[in-house]
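Order of listing sets the numbers, starting from 1, for every ligand and every atom in it. Computed from a predicted model, the values in this text were never measured in an experiment.
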Amino acid sequence: MKKLIVITGASSGFGAAMARLFNANEYPLLLLGRRIEKIEALDLKGEVMIRHADVTNQEELAKAIREAEAKYGATDLLVNNAGVMLLGNVWKQSSKEWQTMLDTNVMGVLNGMQIVLPEMKKNHHGTIINISSIAGFKAFQNHAAYVASKFGVHGLNETVRQEVSGDNVRVMLVAPGAAETELLTHVTDDHALTEYEEWKQSMGGITLDPKHVAETVKFMYEMPQEVNIREVDIAATLQDN
Ligand code: NDP
């Protein structure tokens, strides 16, 4: 019997693509986000629970996960996917935007991991896949606070991987390059947005299709529990940096 998969940020982009793919393969799913009407609009059939959860609110996140576990059994895969990227320069960007990124991209991942790890350690089974970014190991101009948050994800991911490996729990990381999602729609700095679009044009105007990130996550998860694909960096072939 297939086990419970929890996906944060399932309302668009990579999260929605993962939700579709795992649903098509009949995994029981808990799909989380703040805009649950967008998750409902995916119109998935079968064992699917949809709940409102802001990843910065650990109580709300835990409540949704416990409810799904009561119905479908222990979480076997948590995909910490929810994230925001607000481009800007340190000398002029609002610190509120830094805080949103650090709270969502770093605290959100820590919150999710803390909720499922005790049970996974006890069961000697379970997988966490954290969605970081190529901006988690190299710098990009106009991305300082985002880069800081994703370097944070890389760092905490590898630390926890080492800590729980002896419990047979897998912690994995996927670092995508630029992709066609809603990520850019929240950027408030027009100059940074224009530069990003120019960079994208240098790659032919189209970047990575989220479905390939979903396929990668599924492949990593479906390897046997004794195999940990620790990290995958995936980007459009035309992305040169
Ligand atoms: P989208 O903007 O399309 O999706 C982001 C998702 O995160 C949405 O479902 C959104 O749901 C959710 N989210 C944001 N903030 C919160 C919050 N506080 N609580 C719960 N959910 C939240 O972007 P992507 O699909 O591109 O982003 C997914 C991940 O991939 C992110 O971690 C991003 O940093 C990473 N990434 C993206 C790249 C890209 O170029 N697209 C490249 C590299 C990494 P809702 O608003 O409904 O809550």
(request) For atom 9 (O) of ligand 1, grab the closest protein heavy atom and report residue, atom and distance to one decimal in Å. (result) Ser11 OG, 2.7 Å
(message) Taking Thr56's backbone N and O only, do any of them form a donor-acceptor pair with Asp54's side chain (distance below 3.5 Å, no angle check)?
(response) yes
(request) Go through Tyr221 and Asp76 one step at a time and tell me if the side chain to side chain donor-acceptor pair (under 3.5 Å) criterion holds. (result) CA-CA 10 Å; Tyr221 173 59; Asp76 201 51; 2.6 Å; yes
(request) Could you list which atoms of ligand 1 come closer than 4.0 Å to a heavy atom of Gly13? (result) 3 (O), 25 (O)
(message) Take a 6.0 Å sphere around CD of Gln141 and say whether it holds more than 12 heavy atoms from other residues, nucleotides or ligands.
(response) no
(message) Less than 4.0 Å is my threshold; does some heavy atom of Gly177 fall inside it relative to ligand 1?
(response) yes
(request) Could you see which bit of Asn81 sits under 4.0 Å from ligand 1, with heavy atoms only: side chain, backbone, both or neither? (result) both
(request) Salt-bridge test for Glu119 and Arg66: reply yes if a basic N is under 4.0 Å from a carboxylate O, no otherwise. (result) no
(message) Does any N or O of ligand 1 fall below 3.5 Å from an N or O anywhere on Ala179, backbone included?
(response) yes
(request) State the atoms of ligand 1, each with its element, that fall below the 4.0 Å cut-off from a heavy-atom position in Asp54. (result) 17 (C), 18 (N), 19 (N), 20 (C)
(message) With nothing but distance in play, are any N or O atoms of Leu183 less than 3.5 Å from an N or O of ligand 1?
(response) yes
(message) Give the atom numbers and elements of ligand 1 that come within less than 4.0 Å of a heavy atom of Gly83.
(response) 5 (C), 7 (O), 14 (C), 31 (C), 32 (O)
(message) Distance under 4.0 Å to a non-hydrogen atom of Ala82: what atoms of ligand 1 satisfy this?
(response) 7 (O), 12 (C), 13 (N), 21 (N), 22 (C), 32 (O)
(request) Could you tell me whether a side-chain N or O of Asn123 sits under 3.5 Å from a main-chain N or O of His125, the two making a donor and an acceptor? (result) no
(message) Using side-chain contact (heavy atoms from CB on, under 4.5 Å), reason through Ile229 and Thr216 one step at a time and then give a plain yes or no.
(response) CA-CA 10 Å; Ile229 300 177; Thr216 302; over 6 Å; no
(message) Using a 4.0 Å cut-off to any heavy atom of Thr104, which atoms of ligand 1 qualify?
(response) 15 (N), 16 (C), 18 (N)
(message) Heavy atoms only, cut-off 4.0 Å: how does Lys150 contact ligand 1, side chain, backbone, both, or neither?
(response) side chain
(message) Taking the basic N atoms (NZ, or NE/NH1/NH2) and the acidic carboxylate oxygens, is any pair closer than 4.0 Å for Glu215 and Lys218?
(response) no
(request) Report yes or no: does a heavy atom of Pro210 sit under 4.0 Å from some atom of ligand 1? (result) no
(request) Report the C-alpha separation of His154 and Glu231 in whole Å, then their side-chain angles, then the decisive distance to 0.1 Å, and conclude whether the side chain to side chain donor-acceptor pair (under 3.5 Å) test is met. (result) CA-CA 9 Å; His154 264 71; Glu231 176 175 342; 3.3 Å; yes
(message) Can a donor-acceptor pair be found, under 3.5 Å and without considering hydrogens, that links the side chain of Asn228 to the backbone of Val171?
(response) yes
(message) To check your reading of the model: name the closest protein heavy atom to atom 34 (O) of ligand 1, its residue, and the distance in Å.
(response) Tyr146 OH, 2.7 Å
